[in-house]
Amino acid sequence: MLEALARVADLKEPFAKTPEVFSVLINARSHAEAGLALDVLRETVPERTLVKAINLREVLQALPTFPCSMAVDDHTLAKVAALTKDKSLLKRRVPGVRGAWTAVTTAGNFCFDLFVIHRGTTHMWAPASSSNDIVNPELLELLVKHPPILEDVIGLVQDMGLVFNPRFYLSLEDWGFDRVDDVLEDFQALFF
């Protein structure tokens, strides 16, 4: 798992060249939209890089949506995850990324939202309710540029006692075969 996350850093350069298309591939809830973005990128991006992007997509999809219930209460979470109280937030520094913090708002065993604070700017993890994205779009570029932030978020989710079990793929064909039903369902939703 950590090896797969370490490879997220390999996406920095290709993501910077075509951020709009990579954003759709990695962050669109619709598998049909992701498939279309994949077709566009296949012409110019090596398959290994696209597989890394697909695996990042799977990691983001496997994380919980917020708000959600946790398997622990907020006092236990603060102790286990080494979180400190700051106003209404429980937060901790992200190791290896200057000026980065992960934070949550909680009450009992309920987590309202997860935040990433980077150089004084607070980003909500959850996208706006009308969004068709997996995570807040402004966070995606930050996660690609600084993979330790994603590692810290995953660690925090695991500290919450939540299940985190993403699928990983070795080829684009594997992903396509595995997600064909989802893609067809998304296309039907678009046209019917």
Going hydrophobic residue to hydrophobic residue with side-chain gaps under 4.5 angstrom, can you get from [X] over to [Y]?
X: Ile54; Y: Val24; answer: no
X: Leu38; Y: Leu140; answer: yes
X: Ile26; Y: Leu63; answer: yes
X: Met160; Y: Trp125; answer: yes

Kindly write out the residues that satisfy side chain to side chain contact (heavy atoms under 4.5 Å, CB included) with [X], not counting sequence neighbours, or none if the list is empty.
X: Val40; result: Val21
X: Val45; result: Phe22, Leu41, Thr49, Leu50
X: Ala16; result: none
X: Glu173; result: Arg42, Glu47, Ser171, Phe177

Next item on the list: Apply salt bridge (Lys or Arg N to Asp or Glu O under 4.0 Å) to Glu141 and list each qualifying residue two or more places apart in sequence or on a separate chain.
Entry: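 In terms of salt bridge (Lys or Arg N to Asp or Glu O under 4.0 Å), with neighbours along the sequence ignored, Glu141 is linked to Lys145.
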
Margin query: Could you work out, with salt bridge (Lys or Arg N to Asp or Glu O under 4.0 Å) as the rule, every residue matching Asp86, not counting sequence neighbours?
Written below: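 Salt bridge (Lys or Arg N to Asp or Glu O under 4.0 Å) check on Asp86 returns Lys91.
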
Looking at side-chain heavy atoms only, is the closest gap between [X] and [Y] below 4.5 Å?
X: Val157; Y: Pro64; answer: yes
X: Leu170; Y: Val51; answer: no
X: Phe112; Y: Val104; answer: no
X: Leu77; Y: Leu156; answer: yes
X: Glu138; Y: Thr121; answer: no

Check: In the hydrophobic clustering (ILVMFWY, side-chain contacts below 4.5 Å, transitive), which residues join Val80, or is it alone?
Finding: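 None; Val80 is a cluster of one.
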
Notebook entry, point to check: Quick one: hydrophobic cluster around Ile117, which other residues, with the 4.5 Å side-chain cut-off, linked directly or via members?
Noted result: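 When side chains under 4.5 Å apart are linked, the cluster holding Ile117 also contains Leu89, Trp101, Phe115, Met124.
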
Next item on the list: Decide if atom NZ of Lys85 counts as having more than 12 heavy atoms of other residues, nucleotides or ligands within a radius under 6.0 Å.
Entry: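 Yes, the 6.0 Å shell around NZ holds more than 12 heavy atoms from other groups.
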
Margin query: Check this for me: Lys79, atom NZ, are more than 12 non-hydrogen atoms of other residues, nucleotides or ligands nearer than 6.0 Å?
Written below: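 No, the 6.0 Å shell around NZ holds no more than 12 heavy atoms from other groups.
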
Once you round to the nearest 0.5 Å, how far does [atom1] of [X] lie from [atom2] of [Y]?
X: Leu90; Y: Leu83; atom1: CG; atom2: CG; result: 5.5 Å
X: Leu150; Y: Leu142; atom1: CG; atom2: CG; result: 10.5 Å
X: Cys68; Y: Phe110; atom1: SG; atom2: CZ; result: 7.0 Å
X: Ile154; Y: Leu60; atom1: CD1; atom2: CG; result: 8.0 Å
X: His123; Y: Asn136; atom1: NE2; atom2: CG; result: 8.0 Å
X: Ile134; Y: Gln61; atom1: CD1; atom2: CD; result: 4.0 Å

Checklist line | Nearest heavy-atom neighbours spanning Pro127 and Asp133 | finding: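 Reported closest heavy-atom pair: CG-O, 3.3 Å.
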
Item checked: Considering all heavy atoms, the nearest Leu162-Ala71 contact ->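 Shortest heavy-atom contact: CD2-N, 4.3 Å.
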
Item checked: Backbone of Tyr169 reached by a side-chain donor or acceptor of Asn55 within 3.5 Å ->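 Checking the backbone N and O of Tyr169 against the side chain of Asn55, a donor-acceptor pair under 3.5 Å is found.
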
Checklist line | Where at least one partner belongs to residues 51-69, residue pairs that pass salt bridge (Lys or Arg N to Asp or Glu O under 4.0 Å), sequence neighbours excluded | finding: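 Counting only pairs at least two positions apart or across chains, the salt bridge (Lys or Arg N to Asp or Glu O under 4.0 Å) contacts touching residues 51-69 are Asp10-Lys52, Glu58-Arg179.
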
Do any side-chain atoms of residues 92-99 form donor-acceptor pairs under 3.5 angstrom with protein atoms, and if so which ones, sequence neighbours left out?
from: Arg92; atom 1: NE; to: Asp152; atom 2: OD1; distance (Å): 3.3
from: Arg92; atom 1: NE; to: Asp152; atom 2: OD2; distance (Å): 3.2
from: Arg92; atom 1: NH1; to: Ala81; atom 2: O; distance (Å): 2.9
from: Arg92; atom 1: NH1; to: Asp159; atom 2: OD2; distance (Å): 3.3
from: Arg92; atom 1: NH2; to: Asp152; atom 2: O; distance (Å): 3.1
from: Arg92; atom 1: NH2; to: Asp152; atom 2: OD1; distance (Å): 3.4

Item checked: ring-ring contact (aromatic ring centres under 6.0 Å, His included) involving His146 - partner list, sequence neighbours excluded ->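 So His146 forms a ring-ring contact (aromatic ring centres under 6.0 Å, His included) with His118.
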
Note to self: Strictly by side chain to side chain donor-acceptor pair (under 3.5 Å), give each pair with a member in residues 17-28 just once, sequence neighbours left out.
What the structure shows: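 Applying side chain to side chain donor-acceptor pair (under 3.5 Å) to every pair that reaches into residues 17-28, excluding sequence neighbours, yields nothing.
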
